[in-house]
Protein chains: 2
Amino acid sequence: MRFSYQREVIKNIVCSTKSHPNADWVFNEAKKKIKNISLGTVYRNLKILESNGTIKSFHDSSQVRYDGNVEDHHHLKCIECGILIDTDIKSDYDREKIIKNYEFEPNDIEFFIIGKCKKHKTQTTKKNKEL
Amino acid sequence: MRFSYQREVIKNIVCSTKSHPNADWVFNEAKKKIKNISLGTVYRNLKILESNGTIKSFHDSSQVRYDGNVEDHHHLKCIECGILIDTDIKSDYDREKIIKNYEFEPNDIEFFIIGKCKKHKTQTTKKNKEL
DNA sequence: TAGTAAGTAGTAATGATTCCTATTTATATT
DNA sequence: AATATAAATAGGAATCATTACTACTTACTA
Ligand SMILES: [Mn+2]
Ligand SMILES: [Mn+2]
Ligand SMILES: [Zn+2]
Ligand SMILES: [Zn+2]
C-alpha cells in the first residue's frame, strides 16, 4: 500500500469526529484541505480504510456511515434528528437457543436503539418551562 | 381509501411469503397477475400498506425489504446467502441505563443477528462426510 | 349514468455509489 | 539525481434503487 496524502486526510477526518459521517460529508471536509479531491477518491479510500480495520462502516437507511471508533459498540439513533450516539451498552440474546432452534451460527449483531435524543424527547417539565 | 386491485395483489404477495422481499421481487410476482403493472405502483402501494400497518419494512444494506409478519420480531441474517429468518428471540438491554446515562428516550430497537444459516455454516462433520 | 377525485402506467428525474480512463505520483532501481 | 513502473487520482460516465411527474383510467357518489 503506497502512501497517499488524500487517504491520510480522509482517515484524519473520520477518526476525529464522533458524528458517523457519510461519504459526502467526508468529501466536503476533505475539500477544505485538498481543493480538487474527487468524490471517487473519497469512496475508494473509505473502503480501503475499512478493509484494513482503521475505520468501520454501517448502513443507516439509504446511506453508508463511517465510524472512527473501531471498538465494539452500539448506537442510539434519534428519530427526530438522525443523530447517532455511541454507547457502551451490551445487547444480550440467547446464543445457544439460536444455534439449537435455528441451526444458525451467530457471528455478530447489528443493534440500534431508536428513540429520541435529549434535544428531542418529549419532556413535560421542559414544555412547562417554555410556557 | 379507494379499493385497488393492484394493491390487493401486492398485499397478498407480501403477506404470503416469509422471504422478506424487496420491491423488485414483489413487482415481478405482481406481473404474473397483472401483466402491465408498473413499478411505481408497487412502490406506492408498499408504502401505503406499511403506513396502515398491513406490512412492515426495514432497510437491508442498500435496499428496503418488506415483511408480511407484523408481529414484533427480529431476524437472523446469513452473510453467505443474505437470507433473513424470522425469530422469536428477545433482545435485552438496560433501558433505565439508557434513559439515565444518555438522556435518551428509547422507543424501539433494530436488531439483527449476523452469521451463517444451516446451508452455509462451517460444519466439520458435514465436511468430513463430503470427503 | 354522469361527475370527480383517487389510482395507474409509463417514463423521466434523483441520489448514492461504483466504474472507467487518461494523467499524476510514490517509491524502487539504476 | 534521473528513470521506470505500478498504484493512486481527478473528473466524468454509468448503475441501481427509489421517487416524481403526468395524461389516462377507474372506483365510488349522488
Ligand atoms: Mn459509533
Ligand atoms: Mn420478518
Ligand atoms: Zn434528536
Ligand atoms: Zn445462508
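Every chain is numbered from 1, with letters handed out A, B, ... down the list of sequences. Excluded from the calculations below are hydrogen atoms, water molecules and symmetry mates; all remaining heavy atoms, backbone and side chain alike, are included.
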Considering residues, nucleotides and ligands other than Lys97(B), do more than 12 of their heavy atoms fall under 6.0 Å from its NZ?
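Counting other residues, nucleotides and ligands, NZ of Lys97(B) exceeds 12 neighbours.
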Please say whether more than 12 non-hydrogen atoms of neighbouring residues, nucleotides or ligands are located less than 6.0 Å from CG in Asp72(B).
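Counting neighbours around CG of Asp72(B), 12 or fewer heavy atoms of other residues, nucleotides or ligands fall under 6.0 Å, so no.
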Measure the distance from [atom1] on [X] to [atom2] on [N] and round it to the nearest whole Å.
| X | N | atom1 | atom2 | value |
| --- | --- | --- | --- | --- |
| Gln63(B) | dT15(D) | CD | P | 17 Å |
| Asp60(B) | dT18(D) | CG | P | 11 Å |
| Phe27(A) | dT18(C) | CZ | P | 15 Å |
| Leu49(B) | dG7(C) | CG | P | 12 Å |
| Arg7(A) | dA10(D) | CZ | C1' | 16 Å |
| Lys31(A) | dA10(D) | NZ | C1' | 13 Å |
| Phe58(A) | dT17(C) | CZ | P | 12 Å |
| Trp25(A) | dT17(C) | CH2 | P | 15 Å |

Quick one: do Lys77(A) and Asp60(A) satisfy salt bridge (Lys or Arg N to Asp or Glu O under 4.0 Å)? Show the steps, please.
CA-CA 10 Å; Lys77(A) 179 177 176 177; Asp60(A) 174 40; 2.6 Å; yes
Is there a side-chain contact between [X] and the phosphate of [N], meaning an N or O under 4.0 Å from OP1 or OP2?
| X | N | result |
| --- | --- | --- |
| Asn22(A) | dG15(C) | no |
| Arg44(B) | dT19(D) | no |
| Tyr43(B) | dT18(D) | yes |

Can Tyr43(B) be reached from Phe27(B) by stepping across I, L, V, M, F, W or Y side chains whose heavy atoms are under 4.5 Å apart?
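Phe27(B) and Tyr43(B): one cluster.
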With His20(A), which of His75(A), Lys56(A), Arg65(A) fulfils side-chain hydrogen bond (donor to acceptor under 3.5 Å, both in side chains)?
His75(A)
With the side chain defined as heavy atoms from C-beta on, Lys47(A) is closest, among dT17(C), dT8(C), dT18(C), to dT18(C)
Residue Gln6(A), side-chain heavy atoms: nucleotide from dT17(C), dA10(D), dT18(D) that is nearest
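Closest nucleotide to the Gln6(A) side chain: dA10(D).
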Are the charged groups of Lys11(A) and Glu8(A) less than 4.0 angstrom apart, N to O?
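Looking at Glu8(A) together with Lys11(A), the answer is yes, because their closest N to O distance falls below 4.0 Å.
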Using atom names, set out every protein N or O paired with an N or O of nucleotides 10-13 of chain C below 3.5 Å, distance rounded to 0.1 Å.
unit_1	atom_1	unit_2	atom_2	d
dG10(C)	OP2	Asn36(B)	O	3.2

Can you check side chain to side chain donor-acceptor pair (under 3.5 Å) on Glu50(A) and Ser57(A), steps first, answer last?
CA-CA 7 Å; Glu50(A) 184 183 6; Ser57(A) 82; 2.9 Å; yes
Exam field: side chain Thr17(A) to backbone Val14(A), donor-acceptor pair closer than 3.5 Å:
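A pair under 3.5 Å: no.
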Between Ser16(B) and Asn12(B) (side chain of the first, backbone of the second, donor and acceptor by atom type, cut-off under 3.5 Å), is there such a pair?
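Pair found, side chain donor or acceptor close to backbone of Asn12(B).
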Can you check nucleotides 25-27 of chain C for protein contacts, nitrogen or oxygen pairs under 3.5 Å, and list what you find?
unit_1	atom_1	unit_2	atom_2	d
dT25(C)	O2	Arg2(A)	NH1	3.1
dT25(C)	O2	Arg2(A)	NH2	3.2
dA26(C)	O4'	Arg2(A)	NE	3.3
dT27(C)	OP1	Phe3(A)	N	3.2

Give Asn45(B) one of three labels, base, sugar-phosphate or nothing, depending on what nucleic acid heavy atoms sit under 4.0 Å from its own.
sugar-phosphate
